[in-house]
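Inspection log for the structure reproduced underneath, given as structure tokens.
Positions are given from 1 along the sequence.
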Amino acid sequence: MQDRQSFADDDEKTKCCIAAMIEAERVILARRRAELEDCACKSGMFPDPGRRRALFAAGTALAAGVGSALAPARAGERKAPPGAVLRDVPDDPTRVPGTPVADDGGYGTRSQFETEVRQRFPTPTTISSWTMTPLDKSEGVITPSGLHFERHHGGIPTIDPARHFLLVHGMVERPRKFSMADIRRLPSVSRLHFIECSGNGLTEWRKPTLKTVQGTHGLLSTSEWTGVQFSAIARQVGLQEGAAWALAEGADAAVMTRSIPLEKLLTDAIVAYAQNGEALRPEQGYPLRLILPGWEGNTHIKWLRRIELSDKPFMTREETSKYTDLLGNGKARQFSFTMEAKSVITFPSGEMKLPGPGFYEVTGLAWSGRGRIARVEISADGGNSWQLAALQDPVLPVCTARFRFPWFWNGQPAVLQSRATDETGYEQPTLKQLIAIRGLAGPFGSVYHLNAIQSWAIAGDGSVSNVHA
């Protein structure tokens with residue numbers, strides 16, 4: 001594990017967290033190189049597989065802590081990647097019958113040649129941990145449900161929807177328990193929104209630390225959420241005069257709670273029961289989850305079981321000792337809910353390798369908790385000059401937007417950056433600008449809400465690395 005003295009200015013907990021994330025990523029990169037796939041469309045983009053044995057040996061020590069899905073198969077053993085079924089590959093698929101229809105049991109699987117998985121942070125316990133989305137493998141803007149990032153504080157509960165209720169009480173006229181059937185009878189909406197953990201990129205404040213975009217930005221995912229607007233539920237119970245805040249509570253072992261301003265709940269909050277066209281997955285809050293478009297992920301309470309209305313915030317653990325932004329002067333910002341405009345280039349990004357000079361389509365994602373993305377600019381010279389990228393339609397409010405930019409690489413070293421501006425006029429800042437206001441991570445600064453411009457350095461041999469520029 002990397003020497004924690006490299007982060008000597010951080011507190012002990014932060015040093016342990018960063019060092020463990022570095023080690024977890026190292027194991028995953030070793031696995032990737034050991035299982036490197038041939039890809040005609042992106043040939044040569046990844047490091048030379050000739051070093052696979054040495055890299056695999058370097059990573060096996062922590063493999064068990066990272067998760068069984070990340071452990072390479074034993075010699076001679078063939079295993080299908082998670083979500084797939086291993087099948088024999090014929091020399092000519094036109095000369096033999098294919099797999100029987102519904103042989104998968106009726107739900108479906110992905111191809112055995114697709115291997116991307118969520119990367120788990122190696123906490124001492126798997127009950128309280130998180131996983132990161134492989135953004136470098138993303139297409140379009142929607143994250144497959146099976147790759148949506150996770151954050152859990154007390155494990156993933158198993159809940160029978162027939163026995164699950166949402167209690168709405170406190171400063172209401174008619175306190176009520178809603179069954180899942182009651183909620184599904186109310187008018188529904190379906191909307192595409194991103195969710196981002198406010199700790200996304202927490203390792204990157206002081207210096208470039210993690211190597212891949214999955215490590216630096218993987219606590220971000222986008223789904224279509226279907227459910228009932230809270231405003232519809234509010235009409236069912238009636239709100240008392242003076243009600244201004246609500247406590248949202250989950251049914252997990254941690255009994256996760258957050259104080260939410262009533263104004264936000266009435267504006268656009270969704271009590272969701274479906275994701276990407278099917279019921280929520282257990283790790284995403286089955287059977288009920290609160291969606292607060294544009295706000296930090298910790299407020300999107302999963303396994304939602306209770307909403308209590310009050311005239312003031314409840315000052316829970318998650319908004320006092322956690323999820324506050326320490327500033328350079330020792331004070332802290334509290335209730336900093338909104339995720340500001342941000343972007344990241346996903347191709348090319350860290351640990352990829354361009355095969356040689358020529359044309360490439362630079363692409364990535366941009367998002368803002370305050371509305372639509374208005375424009376994204378690309379720099380190939382570390383921010384000295386900028387050019388507009390194209391935004392893929394549709395560009396939706398509080399949703400990731402896919403941007404694309406044609407780039408001819410001349411084979412010389414370059415530094416690629418993206419800069420997003422949202423419809424309010426807010427422009428994504430540089431890391432230097434953020435630090436000037438917020439201080440550095442650790443005991444005298446914030447580890448949350450890092451939305452600085454990300455830089456990827458392209459070396460003369462085409463290798464891509466995470467840098468501060």
Answer with yes or no whether the side chains of Gln284 and Arg289 bring together a donor and an acceptor at under 3.5 Å. yes
Looking only at side-chain N and O atoms, does Glu114 offer a donor or acceptor that is under 3.5 Å from a partner on Ser111? no
Would you call [X] and [Y] a salt bridge, taking side-chain N to carboxylate O under 4.0 Å as the test?
| X | Y | value |
| --- | --- | --- |
| Glu340 | Lys342 | no |
| Lys302 | Glu150 | no |
| Arg305 | Asp252 | no |
| Arg258 | Glu318 | no |

Could you give me the CA-CA distance, side-chain angles and deciding distance for Glu319 and Ser259, then say whether side-chain hydrogen bond (donor to acceptor under 3.5 Å, both in side chains) is met? CA-CA 8 Å; Glu319 55 216 32; Ser259 298; 2.5 Å; yes
Taking the inter-plane angle between the rings of Tyr323 and Tyr448 on a 0 to 90° scale, is it parallel (under 30°), tilted (30 to 60°) or perpendicular (over 60°)? parallel
Could you label the plane-to-plane angle of the Phe337 and Trp295 rings as parallel, tilted or perpendicular, counting under 30° as parallel and over 60° as perpendicular? parallel
Can you check whether Ser336's main-chain N or O pairs, donor with acceptor, with His449's side chain at less than 3.5 Å? yes
Kindly write out the residues that satisfy side-chain contact (heavy atoms from CB on, under 4.5 Å) with [X], not counting sequence neighbours, or none if the list is empty.
| X | value |
| --- | --- |
| Ala232 | Val228, Arg235 |
| Pro90 | Pro93, Val96 |
| Arg185 | Ala181, Asp182 |
| Ser138 | Leu365, Arg402 |

Arg370, CZ atom: more than 12 neighbouring heavy atoms under 6.0 Å: no
Search all heavy atoms of Leu354 against all heavy atoms of Phe347 and return the closest pair with its distance. CD2-CZ, 4.2 Å
Please find the pair of heavy atoms, one from Gln428 and one from Ser343, that lie closest to each other, and give the distance. OE1-OG, 2.7 Å
Name every donor-acceptor pair, under 3.5 Å, that has one atom in a side chain of residues 215-223 and the other anywhere in the protein, sequence neighbours excluded.
{"unit_1": "Thr216", "atom_1": "OG1", "unit_2": "Thr212", "atom_2": "O", "d": "3.4"}
{"unit_1": "Ser221", "atom_1": "OG", "unit_2": "Thr133", "atom_2": "OG1", "d": "2.8"}
{"unit_1": "Ser221", "atom_1": "OG", "unit_2": "Phe149", "atom_2": "N", "d": "3.0"}
{"unit_1": "Thr222", "atom_1": "OG1", "unit_2": "Thr400", "atom_2": "OG1", "d": "2.7"}
{"unit_1": "Ser223", "atom_1": "OG", "unit_2": "Gln275", "atom_2": "NE2", "d": "3.0"}
{"unit_1": "Ser223", "atom_1": "OG", "unit_2": "Asn276", "atom_2": "ND2", "d": "3.3"}

Using the ring-ring contact (aromatic ring centres under 6.0 Å, His included) criterion, which residues pair with Phe165? Sequence neighbours excluded. none
